[in-house]
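Below is one structure, written out as structure tokens, with a few remarks after it.
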Amino acid sequence: MRMEIARLYRSRSQEAMDLVWETFLKFEAPEYSEEGILTFHDFIRNERELERLEIFGAEIDGAVVGVLAMRGNHISLFFVEKTH
């Protein structure tokens, strides 16, 4: 099993945001208000916002298992599947 880290382009952004959302729901959402959860969801599904980010993915066997998204030098998203 070999992990590769590379920039994810638009064609893979949906897969990356699916991982972010699933991981968020498991580990972060219980600490958020309903409004906070909806705000986060809207952010990761907003194409205009995502275009402003540089998104990197950690992949194993072609599947995204981790996501790091940055805007400039600010980390906007950092999520990894529980098993990794």
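Quick note: numbers below take in every heavy atom, side chains included, and nothing from hydrogens, waters or symmetry partners.
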(request) State the CD1-CG distance between I44 and L50, to the nearest 0.5 angstrom. (result) 8.0 Å
(request) Look at the side-chain heavy atoms of Ile, Leu, Val, Met, Phe, Trp and Tyr, link any pair under 4.5 Å apart, and say whether V20 and L8 land in one connected group. (result) yes
(message) Check this for me, if you would: do D18 and R12 make a salt bridge, where the nitrogen-to-carboxylate-oxygen distance has to be below 4.0 angstrom?
(response) no
(message) So, using side-chain hydrogen bond (donor to acceptor under 3.5 Å, both in side chains) as the criterion, who are the partners of E28 when residues are at least two apart?
(response) none
(message) Within the structure provided, determine whether E4 and R2 are in side-chain contact (heavy-atom separation under 4.5 Å).
(response) yes
(message) Working to the nearest 0.5 angstrom, can you tell me the gap between R52 CZ and R71 CZ?
(response) 4.0 Å
(message) Taking V80 as the starting point, is it possible to reach M3 by hopping between hydrophobic residues whose side chains are less than 4.5 Å apart?
(response) no
(request) Using the ring pair (Phe, Tyr, Trp, His ring centres under 6.0 Å) rule, collect all pairs that involve residues 1-21, keeping only residues at least two apart or in two chains. (result) W21-F24, W21-H41
(message) So for atom CZ, which belongs to F78, do other residues, nucleotides or ligands contribute more than 12 heavy atoms lying within a distance under 6.0 Å?
(response) no
(request) Taking the side chain as every heavy atom from C-beta outward, state whether T39 and Y32 have any pair of such atoms under 4.5 Å apart. (result) no
(request) Working to the nearest 0.5 Å, report the span between CZ of R10 and CD1 of I55. (result) 10.0 Å
(message) Count I, L, V, M, F, W, Y as connected when their side-chain heavy atoms are under 4.5 Å apart, and connections chain through other members. Are L19 and M17 then in the same cluster?
(response) yes
(message) Just verifying a value: how many Å separate I37 CD1 and L25 CG, rounded to the nearest 0.5 Å?
(response) 7.0 Å
(request) Applying side-chain contact (heavy atoms from CB on, under 4.5 Å) between E81 and each of I60, V64, V65, report the one that passes. (result) V65
(message) With a 4.0 Å cut-off on N to O distance, would you call E51 and R48 a salt bridge?
(response) no
(message) Within this structure, what is the CZ-CD distance for the pair R45 and Q14, rounded to the nearest 0.5 Å?
(response) 4.5 Å
